[in-house]
Number of protein chains: 2
Amino acid sequence: MYDVAERSGVSIATVSRVYRSPDTVREQTRQRVLEAARELGYVPSGNARGLASRSTGVLGLCFPDYSDPDAESEAESTAGEDIDDAAMLYSDQIIRGMERAARRHGYALLIAASLKGGPESLVAKVAGRVDGFAVLARTVATEELEVISRRQPVVMLAGPRESDDLDHLDHIEVANADGQRELTRHLIEDHGLRRLAYIGSAEESPDVAARFRGYVEACRAAGLPAPDEPDLRVGMMTQAEGAQAADALLERSGPRPDALLFANDQMAVGALHTLERRGVRVPRDIAVTGFDGIALSRIVRPALTTVRQPMRRMGEEAVELLVRRLTGRQDSEPVSMMLPVSVARRSSCGCGD
Amino acid sequence: MYDVAERSGVSIATVSRVYRSPDTVREQTRQRVLEAARELGYVPSGNARGLASRSTGVLGLCFPDYSDPDAESEAESTAGEDIDDAAMLYSDQIIRGMERAARRHGYALLIAASLKGGPESLVAKVAGRVDGFAVLARTVATEELEVISRRQPVVMLAGPRESDDLDHLDHIEVANADGQRELTRHLIEDHGLRRLAYIGSAEESPDVAARFRGYVEACRAAGLPAPDEPDLRVGMMTQAEGAQAADALLERSGPRPDALLFANDQMAVGALHTLERRGVRVPRDIAVTGFDGIALSRIVRPALTTVRQPMRRMGEEAVELLVRRLTGRQDSEPVSMMLPVSVARRSSCGCGD
DNA sequence: GTGAAAGCGCTAACAA
DNA sequence: TTGTTAGCGCTTTCAC
C-alpha cells in the first residue's frame, strides 16, 4: 500500500479511500492509484483490513466430522458411478443454504469441520476470522461456545440449546418429535403395522432423543405399548451400525417386527443392505424408515420413507439471524425457532414410489 | 490479549505462546493464562494473527453465480418435496471436495460466489483473506486474476487457461471433448442414431467449445457430416432455454432429429419437460443427452444419459495443488491436469435404467 | 479532496 | 521458560 501510494504520488490514506469509498476521491487521482496498484500487483490485505476496521465481511459455519466412512468409501470405490453425490450429507445442505443467504447480504462463508481427533480448537480458529457464525449442535464444547458467544453472534443449529449457559444464543431446531410421531402414525394407521422396532443411538443427542419421544407418543396415541427405551441403541448411526442392528433385531427370539424405524437415514440404508442379503423383502416382509431425507435415501432401492429436514432453509435462517444481530441492536432477546419437517412417503414403508 | 497477560501476570508473548505452541510454556503458567482467558472471554483475533504471521490457514474458492432460476424455484416451490437437493450443482460438489481435502491439510475453506451484478471485486475480497484459492473459470476478469496470482497461488478450475497472461497458473480441467465424443459415438454406433442435433451456447466458454469439438469429431469418425456449428445456440444454458430449444428444434421443417445432444444437463432436463408436454416420447421417439452429471440428471424421468464430470475430485486436486505451492518452492513449473470423465448411460438414450 | 499519525491485536526475533 | 520490541498492512480521526 505504501508502494502504491508512493508510485501514484498520494498518501496511503488516499489509497485506502480508493478502495473503501471511491467516490470521495477525485476521479483523476483514483485512476492514478488504480493503475499503480495494477502495476505493482497490489491486493489489499483482508487481515489488515479486518484488524483495523474490526469486521471481516465473513460469516462462518462449524460442523462435526459427520462423514460416514461407509458412504465415503462407497462413493469412492465406485468412482464414476452414480452414488457419488449420494454421500451428500446434512452439512452440505446447510452450507448451501448459508452460502446463498450470505451472498445476498454481501458476506462470504467460511466453513470448517472439526477434524476427527482434532487437537486444537476449531471454533476458535473460525471465530477469530468471522463476524459471526453458526454451529451445528454438539460440534463444540459448551464452555468454549459460551466464551466466544460473549464476543460475537453465534447461532446454534439442530438440537436444543445444550445448556443453560447457552440460552442467550439464537437457536434453530427442527421439529424432530413431530416428524417421527407423524411417520410412526403413518406406519400404524395407514399401513396397519403393529410390531414396531425403534433403533436409536447410544449417545443421546437431543435431536435423537426428540425423535424417540415422537415415536413413543405415536405408539401411545395408537394404543400400542409405549416403550421406555429404543429396541436397540447403536454407537455411531452409520450404515455399518445400521446393518448390524438389522441383523441383531432379526435374530432376536420372538416374533419378527414388521417395521424397523431408524433414527437416521444412514442406518436405515445399511439395514436395507442387510435385509436384501438375508432375503427379507422390503416393504413386503418388513417396513423400514429413516430420518433426515438425505439424497441417498431417495436413491436406494426401495426408496426410503423418511422425515425430511429442511437443512437448506436452516442454513438460510441462520444467516438471517446472524445478519440481524450484526446490524441491529445486540440487546434483543434470543430467538429460538423450530422448523417444520415433512414425511416423505416412499417405497420402503409400502407406499408407491 | 494484554488484559489476559496482565490478569495472569505474564507477558503478551507468553499468552501468544499458549495458543501457538503450548508445549513451550510451563504447565502451570499455561493453566493460569487459559483461565484468565476464559474469565475475560478472550478469543484470539484471526485477523491480527494473519497479519502478523502472514498466513491465514484458509483456502478459498470463487465461483460464478451459476444458479439456475428454474432449478431454484422448482426446489423452493415444492418445498418438502424431493427435488430439493436436485438443485445441487457443480459448485456444491467442488466445495465438497475442497472442504474434505482442506480439512485433511488443516485448512478451512472460504467460499464466495460472485453476485449477479456484483459491483466490487469478489476475488480481491477472497484473495485478501486466504493463503491461496481456486477459481472456477470465467468467474473473474483475467486481468484481475493476473495481478492477484503474482502474490499467491491460484488454481484455475474447469476450462483451459483463459489467456496467455494466466499460463503460469496451475490448472485443472476435465476431458470435455473426450466425453462428448464418446457419448456421441455411443449414440451413433450403439443405438444407430443418425440425425443428431447439438445444442450449444451463445457465449462460447472453452468447455462448451471443447464439448462441441468432441461431438464433431465423433460425427466425422462415424462418417456423418461434421457440422461447423451447433444446430442451435442458447443464451444461458438453463432449463428454460433448454425447453425453448427443444421446441424450436421440433418445429423446424425437415425430418425430426432422432437425438438431441445438449451441452449441459440443465438444458436437457428442460427439454425433457417440453418433450413430455408435446407428447414426444423419450427415448422411443427421440434420444436426449446432457453433460455434467448433476444429481438432477439421475432423478428426472427418464433418467438422463450424460457425461459425468468428476467435480468433487477436481476440488480435491485443487487443494492438493494449492497446498503444494504453499509448502514447496514456488518456482516449480505450472501444473496442468486433465481429469477423465465417464459416460453415464441411462434411460434417455435408450439404455436400461 | 487529501495527508499525518495513531493504533487495531497479534507474531517473531532476540534477549534474558 | 519467559519478556521486550518491532513491526504486519490497513482504517480512522482530525487537520489542512
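Spacing between atom OH of B:Tyr42 and atom P of C:dC8 amounts to 14 Å, rounded to whole angstrom units. Rounded to a whole Å, the CZ atom of B:Arg32 is 11 Å from the C1' atom of D:dT2. Distance, B:Glu6 CD to D:dT4 P: 13 Å, rounded to whole Å. Rounded to an integer number of Å, the gap from B:Asn47 CG to C:dC8 C1' is 10 Å. Separating the CG atom of A:Asp3 from the C1' atom of D:dC10 is a distance of 14 Å, rounded to the nearest angstrom. Note: CD (A:Gln28) to P (C:dG1) measures 13 Å, nearest angstrom. The CZ atom of A:Arg54 sits 11 Å away from the P atom of C:dC10 (whole-angstrom rounding).
Between B:Ser45 and the phosphate of C:dG9, there is no side-chain N or O to OP1/OP2 separation shorter than 4.0 Å. Taking side-chain N and O atoms only, A:Thr14 has no distance below 4.0 Å to OP1 or OP2 of C:dT2. Look at B:Thr29 and you'll find a side-chain N or O under 4.0 angstrom from OP1 or OP2 of D:dT2.
A salt bridge links A:Arg103 with A:Glu99: at least one charged nitrogen is closer than 4.0 Å to a carboxylate oxygen.
The residue among B:Leu51 and B:Gly9 whose nearest nucleotide of DNA chain D is located toward the 5' end is B:Gly9.
Checked by atom type, the side-chain pair A:His105/A:Glu320 shows a donor-acceptor distance below 3.5 Å. There is a side-chain donor-acceptor pair under 3.5 Å between A:Glu27 and A:Gln31. Judged purely by distance below 3.5 Å, without hydrogens or angles, the side chains of B:Ser332 and B:Arg325 pair a donor atom with an acceptor atom.
Residues passing the side-chain contact (heavy atoms from CB on, under 4.5 Å) test with B:Ala141, sequence neighbours excluded: B:Glu144.
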Handout entry: Reading 5' to 3' through nucleotides 11-16 of chain D, protein heavy-atom contacts under 4.0 Å coded B for base, S for sugar-phosphate only, - for none
Key = BB----
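Panel note: side chain B:Asp170, backbone B:Val335; a donor-acceptor pair is recorded below 3.5 Å. A:Arg7 contributes no side-chain N or O that, together with a main-chain N or O of A:Ala36, makes up a donor-acceptor pair within less than 3.5 Å.
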